[in-house]
Every structure is written in structure tokens, then in C-alpha cells.
Amino acid sequence: MEASTGRPVRSRMTGPQRRSQLINVGRGLFAARGLDGTTIEEVAAAAGVSKPVIYEHFGSKEGLYTKVVECEFRILLDSINDSLAVEAKPRVLVERAALALLGYIEDRTDGFRILMRDAPPSQPEGAFSTLLSHVTARVEHILSDEFSRRGFSSADGAMYAQMLVGMVAMTGQWWLDSRTPDKRAVAAHLVNLAWNGLTGLQKDPELRDDA
């Protein structure tokens, strides 16, 4: 559609469309500069809006940042929860959870950088720490059942869940910048160490996600 001047008429965004646009713009800026290093003016300029538009939708820069974190938190948590929700052997579940985290890092690098950085007001303990707590609770249940089946103390499952999730999380942080080897190889080596221990390491580990 064109006006009488011959210039194209820009369609006006709906409220949800504008919010989504601002969240996407904010994600990129916050990932690159952090919360404190990003100004509301920069967000407005990048989005092509005035500052009051941002205030209207989110109340403040911190409000926008919190929404960005909440969106990324939910995407990653849902991905990991989905990987642990299927019926499979514990080792395969660990493989899938590791791949879910690495896949998120690969596909949503900006989101992961934000989760690793500044804590939003809604999660003063840190978004990534909060997420790991949720995941650890799920893994603890899996390990407790496996420990009981093998005649070990099921109570130890809680401790080993912390170790396992922490190992995967730290490896994910390292892989964020390394990106080599590929995510499947990294996941295979993670599970190799977690499942076989140092004395039982296999030289060329492979995933068993077809089990």
C-alpha cells in the first residue's frame, strides 16, 4: 500500500509484535554489553522507537531485561525438561540433557550469555543458578532410582546429581566460546566421564541416543 506521495506506508505493529521486537532487540544488546552497559536510548534507537514506547511495554530497562531473561530461562528449561521426560535408560537421559543444553548454546548464544551474566531483580540468585536447581531436582530423581536399583544409597543421588549437573554446566560455559569439538562429541565425552569414571574411560566414546 502506498500513500499519495508514492512512498510506501509502513504498517503499524500490534502490541504483541512490538513487545516481541523489543525483546529481540534487547536480547542482542544485553548479550553484547550487559545490563549496566546498555542504555534505554540504545534500545530505543535500535528498535526505531522512542523511549516512552519501551516504558509503556516494560516500565524500565530493568523490566525489559527481566522479560528477556524470563523468555530465555523458559526456553532452556523446557528443552531440558523435554529431554528428561521421555522413557529411556538413565545414561540416555543424561546424554539427551547434555545435548539439550549444548543445542541451546549453539542456537541461542545471546540468550545463554545473558543467563550467565547479570541477575535480574526477579531472580537475585542468578537465572542460570535457578535453572540448574530445577534441573538438578529432576536428575536427582533419576539417579536415586538408579542407585536404589543397584543397591546403593538412594540418598547419594542428590549429591551425585549436583556433581553431574555442575559438570555439564561448566562444560557448556567452556563450549560457548570453544565450539570444538561439535556438540555430539562433547556430549559423548561428558557422559563417558560421568558414566564410566576416570578408570573406565573409553578411548572413543559414542552416544547411545538410539537406545
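Please read all numbers here as calculations on a predicted model, not as lab measurements. The analysis underlying the following values was restricted to heavy atoms, covering all of them including side chains, and did not include hydrogens, waters or symmetry mates. Numbering of residues begins at 1 and proceeds along the displayed sequence.
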S.K.: Could you tell me whether the side chain of S20 and the main chain of P16 form a donor-acceptor pair under 3.5 Å?
M.R.: no
S.K.: Filter on ring pair (Phe, Tyr, Trp, His ring centres under 6.0 Å), then keep only pairs touching residues 12-58, sequence neighbours left out; what's left?
M.R.: F30-Y65
S.K.: Minimum heavy-atom separation for A46 to V25, with atom names?
M.R.: CB-CG1, 3.6 Å
S.K.: Between L77 and V135, does a side-chain contact (heavy atoms from CB on, under 4.5 Å) hold up when you go through it step by step?
M.R.: CA-CA 8 Å; L77 183 61; V135 176; 4.3 Å; yes
S.K.: Only counting residues at least two apart or in another chain, list the ones meeting side-chain hydrogen bond (donor to acceptor under 3.5 Å, both in side chains) with R18.
M.R.: Q21
S.K.: Under the salt bridge (Lys or Arg N to Asp or Glu O under 4.0 Å) definition, can you give me all pairs with a residue in residues 183-202, not counting sequence neighbours?
M.R.: E106-K183, R184-D209
S.K.: What residue pairs, at least two apart or across chains, pass salt bridge (Lys or Arg N to Asp or Glu O under 4.0 Å) with a residue in residues 46-61?
M.R.: E41-K51
S.K.: Check side-chain hydrogen bond (donor to acceptor under 3.5 Å, both in side chains) between D156 and all other residues, then give those that pass, not counting sequence neighbours.
M.R.: none
S.K.: Taking side-chain hydrogen bond (donor to acceptor under 3.5 Å, both in side chains) as the test, write out the residues that go with R33, two or more places apart.
M.R.: E42
S.K.: If I compare all heavy atoms of A194 with all of L164, which pair ends up nearest, and what's the gap?
M.R.: CB-CD1, 3.5 Å
S.K.: To the nearest 0.5 angstrom, please state how far the NE2 atom of H141 sits from the OG1 atom of T136.
M.R.: 14.5 Å
S.K.: Could you pull out all residues at least two apart from R108 that satisfy salt bridge (charged side-chain N to carboxylate O under 4.0 Å, His left out)?
M.R.: E72
S.K.: If only atom types and distance count, is the side chain of W175 paired as donor or acceptor with the main-chain N or O of P181 below 3.5 Å?
M.R.: yes
S.K.: Can you confirm whether N196 sits close enough to R91 that some side-chain heavy atom of one is under 4.5 Å from a side-chain heavy atom of the other?
M.R.: yes
S.K.: Do T66 side-chain atoms and E62 backbone N/O form a donor-acceptor pair below 3.5 Å?
M.R.: yes
S.K.: Please check if the side chain of R117 supplies one atom and the backbone of A31 the other of a donor-acceptor pair under 3.5 Å.
M.R.: yes
S.K.: Please enumerate all residues that pass salt bridge (charged side-chain N to carboxylate O under 4.0 Å, His left out) together with D177, with sequence neighbours excluded.
M.R.: R113
S.K.: Please confirm whether the backbone N or O of W174 pairs with a side-chain atom of S178, one donor and one acceptor, at under 3.5 Å?
M.R.: no
S.K.: With sequence neighbours left out, write down each residue that passes ring pair (Phe, Tyr, Trp, His ring centres under 6.0 Å) with F112, or none if nothing qualifies.
M.R.: F128
S.K.: So, using salt bridge (charged side-chain N to carboxylate O under 4.0 Å, His left out) as the criterion, who are the partners of R19 when residues are at least two apart?
M.R.: none
S.K.: Could you see if V139 belongs to whatever hydrophobic cluster contains V86? Use Ile, Leu, Val, Met, Phe, Trp, Tyr and a side-chain cutoff under 4.5 Å.
M.R.: yes
S.K.: So, taking the atom named CG in L176 and the one named CG in L102, what distance separates them when rounded to the nearest 0.5 Å?
M.R.: 10.5 Å
S.K.: Is there a side-chain contact (heavy atoms from CB on, under 4.5 Å) between N24 and R27? Walk through the geometry before answering.
M.R.: CA-CA 5 Å; N24 288 334; R27 180 188 300 111; 2.7 Å; yes
S.K.: Looking only at heavy atoms, which two atoms of S144 and G157 are closest? And how far apart?
M.R.: OG-CA, 3.9 Å
S.K.: Mind checking ring pair (Phe, Tyr, Trp, His ring centres under 6.0 Å) for Y160 and listing every partner two or more places apart, or none if nothing turns up?
M.R.: F147
S.K.: Within this structure, what is the CG-OG distance for the pair N81 and S83, rounded to the nearest 0.5 Å?
M.R.: 7.5 Å
S.K.: Give the minimum heavy-atom separation between A187 and A98, together with the two atoms involved.
M.R.: CB-CB, 4.2 Å
S.K.: To the nearest 0.5 Å, tell me how far L132 CG sits from I80 CD1.
M.R.: 7.5 Å
S.K.: Once you round to the nearest 0.5 Å, how far does CD of E206 lie from CD of E95?
M.R.: 10.5 Å
S.K.: One pair to check against side-chain contact (heavy atoms from CB on, under 4.5 Å): W195 and R208. What are the steps and the verdict?
M.R.: CA-CA 12 Å; W195 221 254; R208 300 180 184 178; 6.0 Å; no
S.K.: Applying side-chain hydrogen bond (donor to acceptor under 3.5 Å, both in side chains), can you list everything that pairs with D82, at least two apart in sequence or on another chain?
M.R.: none
S.K.: Working to the nearest 0.5 Å, report the span between CD1 of I54 and CG of L64.
M.R.: 6.5 Å
S.K.: Write down the atom of L115, the atom of A127, and the distance for their closest heavy-atom approach.
M.R.: CD2-CB, 3.8 Å
S.K.: What heavy-atom pair brings I142 and P90 nearest, and what distance separates the two atoms?
M.R.: CG2-CB, 4.0 Å
